Amino acid sequence: MAKIDLLLGLQWGDEGKGKVVDALTPNYDIVCRFQGGPNAGHTIKFDGKKFVLHTIPSGIFNDKCINVIGNGAIIDAKIFKDEVDGLTAAGVDVLDRLLISSRTHLIVPTHRALDAANEKALGKMKIGSTLKGIGPTYTDKTARRGLRVGDIMSPDFKNRYENLKARHLQEIRNLDFDINTLTLDGMTFTEYEKVWFDAIEFMKKFQVVESEYFINKALDEGKKILAEGAQGSMLDVDFGSYPFVTSSSTMASGVCSGLGVAPSKVGRVFGIFKAYCTRVGTGPFPTELFDEMGDQLRRNGHEFGATTGRPRRTGWLDIPALKYACMMSGVTELMMMKSDVMNDIKEIKVCVGYEYNGKVIDYLPFDACTETMKPVYETLPGWDCEIDRNIPEKLEGYIGYIERKVGVPVKFVSYSPDRYANIYR
Ligand code: GDP
Ligand code: IMO
Ligand code: MG
């Protein structure tokens with residue numbers, strides 16, 4: 001029996017998961033998404049082309065790889081159709097390479113409206129969500145009233161949709177939100193709803209399966225499977241900086257429930273992090289930089305959201321947070337991304353603890369917040385040169401330092417968005 005490998009973002013998302021999954025895909029028969037939905041934006045670049053995937057796993061560009069949208073993920077039919085259309089136009093055969101779990105929950109148009117209404121009601125305390133309806137969809141899932149992909153074939157589907165919609169409209173009114181002021185992908189709510197129903201028809205062409213059986217059978221047959229995380233460990237609904245988190249389990253435990261695989265079937269756990277940190281949306285970020293260095297990281301790293309286009313907040317590497325993420329998911333090997341972004345920095349700071357309530361701590365308190373946590377830094381020399389196929393000595397120093405602090409080996413270093421710009425250590 002084979003084991004399933006996991007690839008998980010260890011920070012606040014956008015670590016470069018799309019690039020790495022695409023680069024690793026030749027080693028795998030199956031790639032699966034197990035949580036999250038189109039809040040994800042996974043960028044893949046090769047042969048001068050660029051793709052951003054939101055719902056479809058990043059193994060889709062390899063014609064030998066089967067891709068699975070697992071039960072723990074959520075799907076918006078309209079966003080899914082746009083994505084498939086874009087890939088098909090680029091010559092990628094999605095239909096034959098993609099399976100969707102019958103248990104995957106549907107994001108309906110009023111989930112998106114509710115997301116906007118909730119955010120507006122929160123005012124200054126808003127989460128800074130991607131407005132894709134993620135929170136409301138997972139809320140309905142746990143409240144046991146959600147609609148699933150398997151339901152779209154049911155004669156009762158429209159009826160159940162209307163019941164759910166009526167409930168949402170009431171909630172939206174209670175929040176004093178006028179749905180007629182909303183634009184969804186440039187459309188009014190009513191226009192969007194129609195396009196969404198057309199997309200539901202489109203989805204019926206795809207293979208809907210009991211993916212837990214498919215995956216476990218594939219493991220029994222010795223097939224190689226990779227689970228592709230979305231978001232990052234610090235956005236996990238249990239262990240992230242709650243309430244400024246997403247609504248799913250982004251750590252290793254999410255794979256078991258999000259695909260239906262037992263913990264004993266988990267193999268390698270790849271943990272991926274940027275050589276520095278970024279975050280989009282609101283919420284604590286102790287090492288955030290508000291100065292020229294922060295701007296430089298944003299400029300050099302093109303740190304603008306792949307899903308929303310928002311500028312990403314930037315800061316130094318946070319070791320306690322990285323260590324926490326490795327502990328929680330049992331990371332077996334680290335992958336460091338975007339090293340090139342720091343090529344011209346003379347001195348690099350690394351956060352090794354926080355001043356918190358008058359003490360220095362090196363763990364994450366449950367109520368972590370920027371106001372009460374002042375980072376404690378150590379300073380390291382930058383490598384101050386280009387990276388090309390080899391790791392410069394001072395970059396080796398930076399990597400060795402991280403390995404010692406975190407206690408997990410760095411096996412892979414990425415130095416450009418391109419599929420092939422990787423060094424295996
Ligand atoms: P994901 O959500 O984890 O898949 O990451 P995103 O795609 O949202 O953001 C990562 C961004 O960094 C994308 O624009 C990638 O093309 C880019 N990227 C990935 N690896 C590297 C790297 O090593 N160097 C640079 N400069 N860019 C990278
Ligand atoms: P990938 O997979 C970065 C953030 C949002 C917001 C919070 C909640 O590309 O790494 P949500 O829409 O999920 O309710 O938003 O989570 N967020 C992400 N940040 N990368 C992502 O995905 C994200 N998905 C959600 O900005 O702060
Ligand atoms: Mg992203």
Side-chain angles (χ1 to χ4, degrees), residues 7-23 33-46 49-55 57-58 73-74 76 107 111-112 114-116 118-119 122 126-139 228-237 240-248 250 272-285 297-313 335-343 386-387 412-423:
L7 184 130
L8 307 168
L10 300 181
Q11 295 163 321
W12 287 274
D14 303 328
E15 296 88 351
K17 299 175 290 292
K19 166 181 161 158
V20 170
V21 171
D22 170 66
R33 279 279 303 269
F34 60 92
Q35 48 70 233
N39 46 348
H42 294 182
T43 314
I44 291 143
K45 288 190 179 168
F46 55 90
K49 288 179 283 195
K50 173 181 160 177
F51 297 90
V52 180
L53 299 175
H54 301 288
T55 309
S58 302
I74 57 178
D76 181 319
I107 302 172
H111 281 136
R112 287 190 71 177
L114 205 46
D115 200 354
N118 285 334
E119 285 285 82
L122 282 169
K126 73 173 182 181
I127 311 290
S129 95
T130 57
L131 299 177
K132 304 294 179 196
I134 305 300
T137 306
Y138 278 114
T139 301
E228 171 181 2
Q231 290 78 57
S233 305
M234 304 313 291
L235 292 170
D236 182 271
V237 66
S241 44
Y242 192 88
F244 300 100
V245 293
T246 191
S247 297
S248 64
T250 58
I272 151 167
F273 70 102
K274 282 181 201 181
Y276 50 98
C277 282
T278 65
R279 173 164 201 167
V280 240
T282 33
F285 183 2
L297 289 172
R298 185 161 33 252
R299 241 184 354 258
N300 290 358
H302 303 288
E303 295 295 358
F304 296 89
T307 297
T308 58
R310 292 178 291 178
R312 293 177 183 147
R313 300 156 66 193
M335 299 174 141
M336 188 168 93
M337 308 300 291
K338 305 194 85 159
S339 321
D340 54 302
V341 172
M342 296 180 102
N343 280 354
E386 300 277 305
I387 309 165
F412 177 105
V413 177
S414 165
Y415 60 95
S416 133
D418 193 82
R419 186 189 254 180
Y420 302 108
N422 310 311
I423 303 166

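Whatever order the structure lists ligands and atoms in, that order sets their numbers, starting from 1. Just so it is clear, the model here is predicted, and its values are computed rather than measured.
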Quiz item: Which ligand 2 atoms are under 4.0 Å away from a heavy-atom of Ala230?
Solution: 2 (O)

Exercise. May I ask you to check whether Gly16 has an N/O atom sitting below 3.5 Å from an N/O atom of ligand 1?
Key: yes

Quiz prompt | Mode of Arg312 contact toward ligand 1 - side chain, backbone, both, neither (heavy atoms, under 4.0 Å) | solution = side chain

Quiz item: Out of curiosity, Ile74 CD1 to Ser247 OG, how far, rounded to the nearest 0.5 Å?
Solution: 7.5 Å

Quiz item: Do Arg279 and Phe285 meet the cation-pi criteria used here (NZ or CZ under 6.0 Å from the six-membered ring centre, within 45° of the axis)?
Solution: no

Quiz prompt | Option set Thr43, Thr250, Val245, criterion heavy-atom distance to atom 8 (C) of ligand 2, minimum | solution = Val245

Quiz prompt | Element-labelled atoms of ligand 2 that are located less than 4.0 Å from some non-hydrogen atom of Leu235 | solution = 4 (C), 16 (O), 17 (N), 18 (C), 19 (N)

Quiz item: Under 4.0 Å from ligand 1, counting heavy atoms only, is it the side chain of Pro417, its backbone, both or neither?
Solution: both

Quiz prompt | Closest candidate by heavy atom, reference atom 10 (C) of ligand 1, pool Asn39, Leu7, Asp14 | solution = Asp14

Quiz prompt | Contacting atoms of ligand 2, where contact means under 4.0 angstrom from a heavy atom of Ala40 | solution = 1 (P), 2 (O), 9 (O), 22 (O)

Self-check item: Structural part of Asn39 in contact with ligand 2, heavy atom criterion under 4.0 angstrom
Solution: both

Exercise. For Ile127, take its heavy atoms, then give the atoms of ligand 2 lying under 4.0 Å from any of them.
Key: 6 (C), 8 (C), 27 (O)

Exercise. Would you kindly specify which portion of Lys19 sits under 4.0 Å from ligand 1, judged on non-hydrogen atoms: side chain, backbone, both or neither?
Key: side chain

Exercise. Indicate, as side chain, backbone, both or neither, the part of Asp115 found under 4.0 angstrom from ligand 2 when only non-hydrogen atoms are considered.
Key: neither

Quiz prompt | Residue part near ligand 2, for Arg279, under 4.0 Å between non-hydrogen atoms | solution = neither

Quiz prompt | Shell of protein N/O/S atoms around the Mg ion (ligand 3), taken as anything under 2.8 Å | solution = Asp14 OD1, Gly41 O

Quiz prompt | Per-residue contact class, Trp12 against ligand 2 - non-hydrogen pairs under 4.0 Å | solution = backbone

Quiz item: Which bit of Lys132 gets closer than 4.0 Å to ligand 2, counting heavy atoms only: side chain, backbone, both or neither?
Solution: neither

Quiz item: Mind checking whether Gly18 has an N or O less than 3.5 Å away from an N or O of ligand 1?
Solution: yes

Quiz item: What part of Ile134 sits under 4.0 Å from ligand 2 if we count only heavy atoms: the side chain, the backbone, both or neither?
Solution: side chain

Quiz item: Hey, looking at atom 17 (C) of ligand 1, which of Lys338, Arg419, Lys274 has the closest heavy atom?
Solution: Lys338

Quiz item: About how many Å separate CD1 of Ile134 and OG1 of Thr246, when rounded to the nearest 0.5 Å?
Solution: 6.0 Å

Self-check item: Selected option - heavy-atom contact closest to atom 25 (C) of ligand 1, from Thr278, Leu53, Asp340
Solution: Asp340

Quiz item: Can you find an N/O atom of Ser339 closer than 3.5 Å to an N/O atom of ligand 1?
Solution: no

Quiz item: What atoms of ligand 2 come within less than 4.0 Å of a heavy atom belonging to Val280?
Solution: 3 (C), 19 (N), 26 (O), 27 (O)

Quiz item: When you measure from atom 23 (O) of ligand 1 to every protein heavy atom, which one gives the shortest distance, and what is it?
Solution: Ser414 OG, 2.4 Å

Practice problem: Tell me, please: is Arg310 in heavy-atom contact with ligand 2, that is, under 4.0 Å? | Solution: yes

Exercise. Identify which of Gln231, Glu15, His54 has a heavy atom lying nearest to atom 24 (N) of ligand 2.
Key: Gln231

Practice problem: For Gly128, take its heavy atoms, then give the atoms of ligand 2 lying under 4.0 Å from any of them. | Solution: 5 (C), 6 (C), 26 (O), 27 (O)

Quiz prompt | Asn300-ligand 1 polar pair, N/O distance under 3.5 Å | solution = no

Quiz item: What are the atoms of ligand 2, with element, lying closer than 4.0 Å to any heavy atom of Gly41?
Solution: 1 (P), 9 (O)

Quiz prompt | Within-cut-off N or O pair, Asp14 and ligand 2, under 3.5 Å | solution = yes

Quiz item: Gly41 to ligand 1: N or O pair under 3.5 Å?
Solution: yes

Quiz item: Which of the atoms of ligand 2 are close to Lys17, meaning less than 4.0 Å from one of its heavy atoms?
Solution: 1 (P), 2 (O), 10 (O)

Practice problem: Would you check the N or O atoms of Lys45, main chain and side chain alike, for any that come under 3.5 Å of an N or O of ligand 1? | Solution: no

Quiz item: Side chain, backbone, both or neither: which part of Thr43 has a heavy atom under 4.0 Å from ligand 1?
Solution: both

Self-check item: Ionic contact status for Asp14 with Arg312, cut-off 4.0 Å
Solution: yes

